[in-house]
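The next block holds one structure in the form of structure tokens; read it before the comments.
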Amino acid sequence: MTSEFAPAKVNLTLHITGQREDGYHLLDSLVVFADIGDRIDIFEANTLSLTIEGPEADGVPADMSNSILKAAHFFNPQAAGAAFLLTKNLPSAAGIGGGSADAAATIRGLIRHWDADAEALFPEGLDLAKLSDAEATRLSAKAKTLGADVPVCLFSHPARMRGIGADLTFIRDLPPLHAVLVNPRVAVSTPDVFKAISSKTNPPMPDLPDFSDATTLIQWLTTQRNDMQPAAMSLFPEIGEVIEKLKAQESCQLARMSGSGATCFGLFPDAGSAQSAVAKISAEHPGWWVRNCLLGR
């Protein structure tokens with residue numbers, strides 16, 4: 001058996017800087033990954049199959065529309081087979097890369113599980129310590145057909161993501177952040193949010209400074225944006241309710257939506273204050289998905 005972790009992806013910023021003639025939106029986003037996520041176990045088998053369990057398994061398809069089986073077919077269409085067990089801990093359509101993270105984790109897991117086939121698809125490997133940014137970008141671009149977020153999820157390392165998702169600059173020394181993730185159980189359609197954005201030509205992020213600690217990083221983040229947030233809030237008012245609830249928590253330093261929503265994050269100075277916020281929000285809204293985590297892995 002081979003096991004692979006699929007961490008949640010969080011867009012600390014998300015600037016919409018333009019739109020191509022083919023309809024693809026151009027992004028400039030600071031992306032980090034959490035220490036919570038899904039898990040994929042891979043077993044020997046003669047055919048491809050997928051079983052799903054876990055607290056967020058309801059409604060997740062187990063057929064070829066699932067990103068895991070798509071990734072397995074992408075990795076090696078001629079493979080004899082594999083049996084996948086997905087432990088689904090992240091909500092779906094939530095703006096934290098659940099399906100993309102699962103697809104990326106499938107590729108990472110299959111590189112080890114089908115090691116004889118890894119060299120043909122990823123001859124340089126996936127070790128960022130050995131890859132230049134240009135080489136890593138070329139590798140991640142191979143996974144772009146699986147989804148816009150799959151390239152950055154492939155490495156699950158802090159990165160500045162530009163263009164349509166495959167232009168990556170990895171950040172080696174980003175301070176970790178204590179966070180609370182909250183989803184009000186609203187499934188958000190990313191295309192619908194893009195359609196509702198009023199301005200699709202906005203300033204990009206400035207050059208990232210050197211961050212000495214989490215405080216300086218959070219201070220800088222307060223000057224940045226998620227350009228999808230106003231549009232998402234207009235379609236789903238629950239997102240605004242979540243952000244206000246996070247802002248109301250003692251010691252919350254920043255509250256913002258991740259990706260296209262509906263998951264939002266609050267940043268806190270330490271694990272204790274984050275855990276306290278989780279307890280309070282969960283008690284007031286037992287139907288919401290609320291988790292504390294560490295961002296920046």
Check your understanding: So how far is it from Ile68 CD1 to His73 NE2, rounded to the nearest 0.5 Å?
Key -> 16.0 Å
Review point. Shortest non-hydrogen contact from Ile96 to Val10?
Key: CG2-CG2, 4.5 Å
**Study point:** Distance-minimising heavy-atom pair for Cys153 and Ser100
**Key:** CB-O, 3.9 Å
Point to revise | Expected output: side-chain Ser67 to main-chain Gly99 donor-acceptor under 3.5 Å | key: yes
Check your understanding: Nearest 0.5 Å, what's the CD1-CG distance between Ile243 and Leu254?
Key -> 9.5 Å
Review point. Can you find a pair of side-chain heavy atoms, one from Pro55 and one from Asn89, that are under 4.5 Å apart?
Key: yes
Practice item. For residues Thr169 and Ile171, determine if any side-chain heavy atom of one lies less than 4.5 Å from a side-chain heavy atom of the other. Key: no
Practice item. Find the distance between CG (Leu217) and OG1 (Thr222) and round it off to the nearest 0.5 Å. Key: 10.0 Å
Review point. Between Leu27 and Ile16, which heavy-atom pair has the shortest distance, and what is it?
Key: CD2-CD1, 3.3 Å
Point to revise | Inter-residue atom distance Thr106.OG1 - Asn66.CG, 0.5 Å rounding | key: 8.0 Å
Point to revise | Nearest non-hydrogen partners of Leu12 and Arg256, listed with the distance | key: O-NH1, 2.9 Å
Point to revise | Any Ile197 side-chain heavy atom under 4.5 Å of Met228 side chain | key: yes
Check your understanding: At what distance, to the nearest 0.5 angstrom, does CG of Asn292 lie from CD1 of Ile36?
Key -> 7.5 Å
Point to revise | Ser258 side chain to Gly95 backbone, donor-acceptor under 3.5 Å | key: yes
Exercise for review: Flag yes if more than 12 heavy atoms outside Asp63 fall under 6.0 Å of its CG atom; otherwise flag no.
Suggested key: yes
Check your understanding: Side-chain contact, heavy-atom cut-off 4.5 Å: Gln224 with Pro206?
Key -> yes
Practice item. For residues Ile281 and Leu246, determine if any side-chain heavy atom of one lies less than 4.5 Å from a side-chain heavy atom of the other. Key: yes
Point to revise | Donor-acceptor pair between Ser29 and Asn11 side chains, under 3.5 angstrom | key: yes
Practice item. Answer whether the closest heavy-atom distance between the side chains of Asp28 and Arg160 falls below 4.5 Å. Key: yes
Point to revise | Distance (rounded to the nearest 0.5 Å) between Met161 CE and Leu30 CG | key: 10.0 Å
Point to revise | Under-4.0 Å salt bridge between Glu56 and Arg185 | key: yes
Exercise for review: Give me the ring orientation class for His25 and Phe194: parallel if the planes are under 30° apart, tilted from 30 to 60°, perpendicular past 60°.
Suggested key: parallel
Exercise for review: Report yes if some heavy atom in the side chain of Lys70 is under 4.5 Å from a heavy atom in the side chain of Leu146; otherwise report no.
Suggested key: yes
Practice item. Check the surroundings of atom CG in Asp22: do more than 12 heavy atoms from other residues, nucleotides or ligands lie under 6.0 Å from it? Key: yes
Check your understanding: With side chains defined as the heavy atoms from C-beta onward, is the minimum distance between Asp149 and Val31 less than 4.5 Å?
Key -> no
Check your understanding: Any idea which heavy atoms bring Ala262 and Val186 closest together, and the distance?
Key -> CB-O, 3.5 Å
Review point. Does the Asp38 side chain pair with the main chain of Leu90, one donor and one acceptor, at a distance under 3.5 Å?
Key: yes
Check your understanding: More than 12 non-hydrogen atoms from neighbouring residues, nucleotides or ligands closer than 6.0 Å to OH on Tyr24, yes or no?
Key -> no
Practice item. Mind listing the closest non-hydrogen atom pair of Cys252 and Gly266 along with its distance? Key: SG-CA, 4.2 Å
**Study point:** Pairwise salt bridge (Lys or Arg N to Asp or Glu O under 4.0 Å) hits with a residue in residues 277-287, at least two apart
**Key:** Lys245-Glu284
